[in-house]
Amino acid sequence: MSPSDLRAIPSVEKVLQALGDTGLPRPVVLEVVRAELAGLRKHRTIPDFDGVLARLQVSLKGLRASRIQPVINGTGILIHTNLGRAPLGPEVIERLSKIGSNYNNLEFALPGGTRGGRAAYLERSLALLCAAEAATAVNNNAAALVLILRYFCRSLARPDDRRFGIGTRRASLPKNEVIISRGELIQIGGGFRIPEILESSGARLREVGTTNKTSIHDYARAITRQTALILRVHRSNFFMGGFVESARTEEIAALARKKQVPFVEDLGSGAMIETEAISGLEHEPTAAEVVGRGVDLVCFSGDKLLGGPQAGVIAGKSKLIAALKREPIFRALRCGKLILSALETTVDLYLRGSSADSSHPNTAAGKRISREQSHRYAGIPVLEMMRVSNDELRSRAEKLIPALDGLPIAALVGVGHAQIGGGTLPRSVLASVTLDLAHHTLKPQEIASRLREQTVPVIGYIARGKLKLDLRTIFPWQDAELVSAIRAASS
Ligand SMILES: *Cc1c(COP(=O)(O)O)cnc(C)c1O
């Protein structure tokens, strides 16, 4: 018998007392301790009391780190899906805290004192921003797609399908085919595949064209009585070059009108500004532009380039928006008061930013917010981060370096290549400034991992043997926290 076999399993009480304040609720800690002690009972070798404590500390640390918490984003990726996508600006946060801590008129009409419509103001302002007849919002863009597909794809044609002519006489035909180009059957981020979303919504895929070429004739040939809609998916997270052709949105829209088939575009990121006005960025189609080209509906995310909370915006023909809202599943996909108020405030920031010259430029279909106006969207952090000059970033980096004096780490100002991320503008790069760290003894991977363990975790990336922290995605007010984190991690 080895000495460890003789050791008794410590009592739960004793262990809890020795752990002290873990920063986690007692029932959570209790469960971890019980599971750990139960595990020990199964093993022949039992560590000593300190060993047991050490193992528990590791488990609890992992648990604490898995709670949602602020981090410093040094990746240079502005819309980072793993890091919560678009951060929200001060006006939006103030609104959230007011709405969250009070009762509100979510579904109450103040003038009459009766039940009122949900999100009425937001829907109007979203429509205005998208230069569309009407708009609404759901939980996210995936939900927007599901709602649209559910509405248009039926196993049986219904009487009101007369709106879209085809297939109404033979009521028994399933009307659930979605025409989509083979070049647009894409995967967006982890586990979100357009074909799978389609099929799970009761749609049948009717692929047309080839990976690199889809012409208007391919679409035209595919339209039958079973066609539920034509879907276009903005190729957001990759690009195709070379021998490539796709039908223009205007052409598809004209075809769809002629054949009375609805035409929907999933735009993905929902830009509202002329991205090409920012050096390094290409043009990203705006919702207003796509509506102007004749789509019946467009959908996009609230927390990508729009810079708002997680949401899915749908804009387009008012009849269709009204019909979508009558779908039973709409109730399951709708947003709560916090999201609605955050989105409402974000949209107001855009409309304010563009209303300086009295008439809103976006009301004429397809007209984009002007170059000059794209410089006005204060309060939307994603847009502000795009516009910060490298001089400004460099001067911040130069101030950070002396603050790191005396540490076993070499810090230099480096060159960065920031990206939009979130599956947006994959080819665009924003020149940026980084803080490059090289520890005297620790490997870059080790210093990166230590930085992730700090009170405010710092996430960077490794390039050419250095840990790089891109200042474009680090807010200026995080600089002091950044210094503390680097100090704690490197000494
Ligand atoms: C990001 C994206 C989605 C998913 O949007 P969520 O808001 O994350 O649900 C759908 N389609 C495209 C083209 C996208 O880029």
Side-chain angles (χ1 to χ4, degrees), residues 106-107 115-124 126-127 130 132-168 171-180 192 194-206 225-233 256 260-268 270 287 290-291 295-302 309-337 339-340 343-344:
L106 182 66
E107 289 184 2
R115 195 195 147 91
R118 206 180 162 95
Y121 178 88
L122 170 68
E123 290 184 343
R124 283 180 72 144
L126 267 176
C130 299
E133 287 175 18
T136 192
V138 289
N139 196 32
N140 55 19
N141 193 23
L145 265 179
V146 168
L147 176 63
I148 291 168
L149 292 166
R150 282 275 192 130
Y151 171 66
F152 288 114
C153 301
R154 306 270 150 195
S155 48
L156 293 176
R158 297 168 309 172
D160 68 331
D161 280 340
R162 217 157 296 139
R163 306 183 307 278
F164 287 115
I166 295 163
T168 49
S172 58
L173 276 178
K175 196 177 176 60
N176 60 357
E177 277 190 9
V178 174
I179 300 180
I180 182 168
F192 182 98
I194 292 289
E196 286 167 10
I197 287 270
L198 254 69
E199 275 158 8
S200 75
S201 311
R204 268 188 309 142
L205 221 59
R206 180 73 169 84
R225 287 170 185 278
Q226 279 84 61
T227 304
L229 78 147
I230 300 176
L231 179 66
R232 174 145 239 213
V233 179
Q260 291 183 282
V261 171
F263 177 30
V264 177
E265 177 150 357
D266 170 10
L267 202 49
V290 171
V291 168
V295 303
D296 294 305
L297 291 173
V298 62
C299 61
F300 56 89
S301 297
Q310 179 190 303
V313 175
I314 311 172
K317 298 267 152 58
S318 50
K319 260 191 178 161
L320 295 179
I321 297 289
L324 289 177
K325 290 178 65 184
R326 284 195 301 269
E327 274 294 295
I329 203 178
F330 180 78
R331 178 65 177 74
L333 306 175
R334 74 182 189 186
C335 306
K337 60 190 176 185
I339 295 298
L340 290 175
L343 193 56
E344 188 180 282

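- Each of N176, V178, L297 was compared with F152 under the side-chain contact (heavy atoms from CB on, under 4.5 Å) criterion, and only L297 meets it.
- Under the 3.5 Å distance criterion, the side-chain polar atoms of E133 are left unmatched by any main-chain donor or acceptor of K317.
- Of the charged side-chain nitrogens involved, at least one lies within less than 4.0 Å of a carboxylate oxygen, so that R115 and E107 count as a salt-bridged pair.
- In this structure, CG on D266 lies 12.0 Å from CZ on R232, to the nearest 0.5 angstrom.
- Of all the heavy atoms in S201 and I197, the pair that sits closest is OG-O, 2.7 Å.
- Taken from CD1 in I180 to CZ in R206, the straight-line distance is 13.0 Å, to the nearest 0.5 Å.
- Residue A132 comes nearest to A315 through the heavy atom pair CB-CB, 3.9 Å, listed as atom of the first residue, atom of the second, then distance.
- Considering all non-hydrogen atoms of both residues, N141 and F300 come closest at OD1-N, 3.4 Å.
- Distance check: F330 CZ to L147 CG gives 7.0 Å after rounding to the nearest 0.5 Å.
- Two residues are said to be in side-chain contact when any heavy atoms from C-beta on lie closer than 4.5 Å; R204 and E177 meet this criterion.
- Residues L149 and L229 meet the side-chain proximity criterion, which asks for heavy atoms closer than 4.5 Å.
- Considering every non-hydrogen atom in both A311 and L343, the closest pair reads CB-CD2, 4.0 Å.
- G202 approaches C153 most closely through the heavy-atom pair O-CB, 4.1 Å.
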Requested in this report: Please report the C-alpha distance between R150 and E327 in whole Å, then the side-chain angles of each, then the deciding distance to 0.1 Å, and finally whether the side chain to side chain contact (heavy atoms under 4.5 Å, CB included) criterion is met.
Outcome: CA-CA 8 Å; R150 282 275 192 130; E327 274 294 295; 4.3 Å; yes
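- Atom CG of L126 sits about 9.5 Å away from atom CD1 of I321, to the nearest 0.5 Å.
- The main-chain N or O of F263 is found under 3.5 Å from a side-chain atom of D296 such that the two form a donor-acceptor pair.
- Residues passing the side-chain hydrogen bond (donor to acceptor under 3.5 Å, both in side chains) test with R124, sequence neighbours excluded: none.
- Using a distance-only test at 3.5 Å, with no hydrogens or angles considered, no donor-acceptor pair links the side chain of R118 to the main chain of R334.
- With sequence neighbours excluded, the residues that form a side-chain hydrogen bond (donor to acceptor under 3.5 Å, both in side chains) with E123 are T136, K325.
- Residues forming a side-chain contact (heavy atoms from CB on, under 4.5 Å) with Y121 (at least two apart in sequence, or on another chain): S125, E344, D348.
- For the atom pair CG (L145) and CD1 (I314), the distance works out to 8.5 Å, reported to the nearest 0.5 Å.
- Here CD1 of I194 is found 6.5 Å from CG of L231. Values are rounded to the nearest 0.5 Å.
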(message) side chain to side chain contact (heavy atoms under 4.5 Å, CB included) for C299 and I148? Distances and angles first, verdict last.
(response) CA-CA 9 Å; C299 61; I148 291 168; 4.2 Å; yes
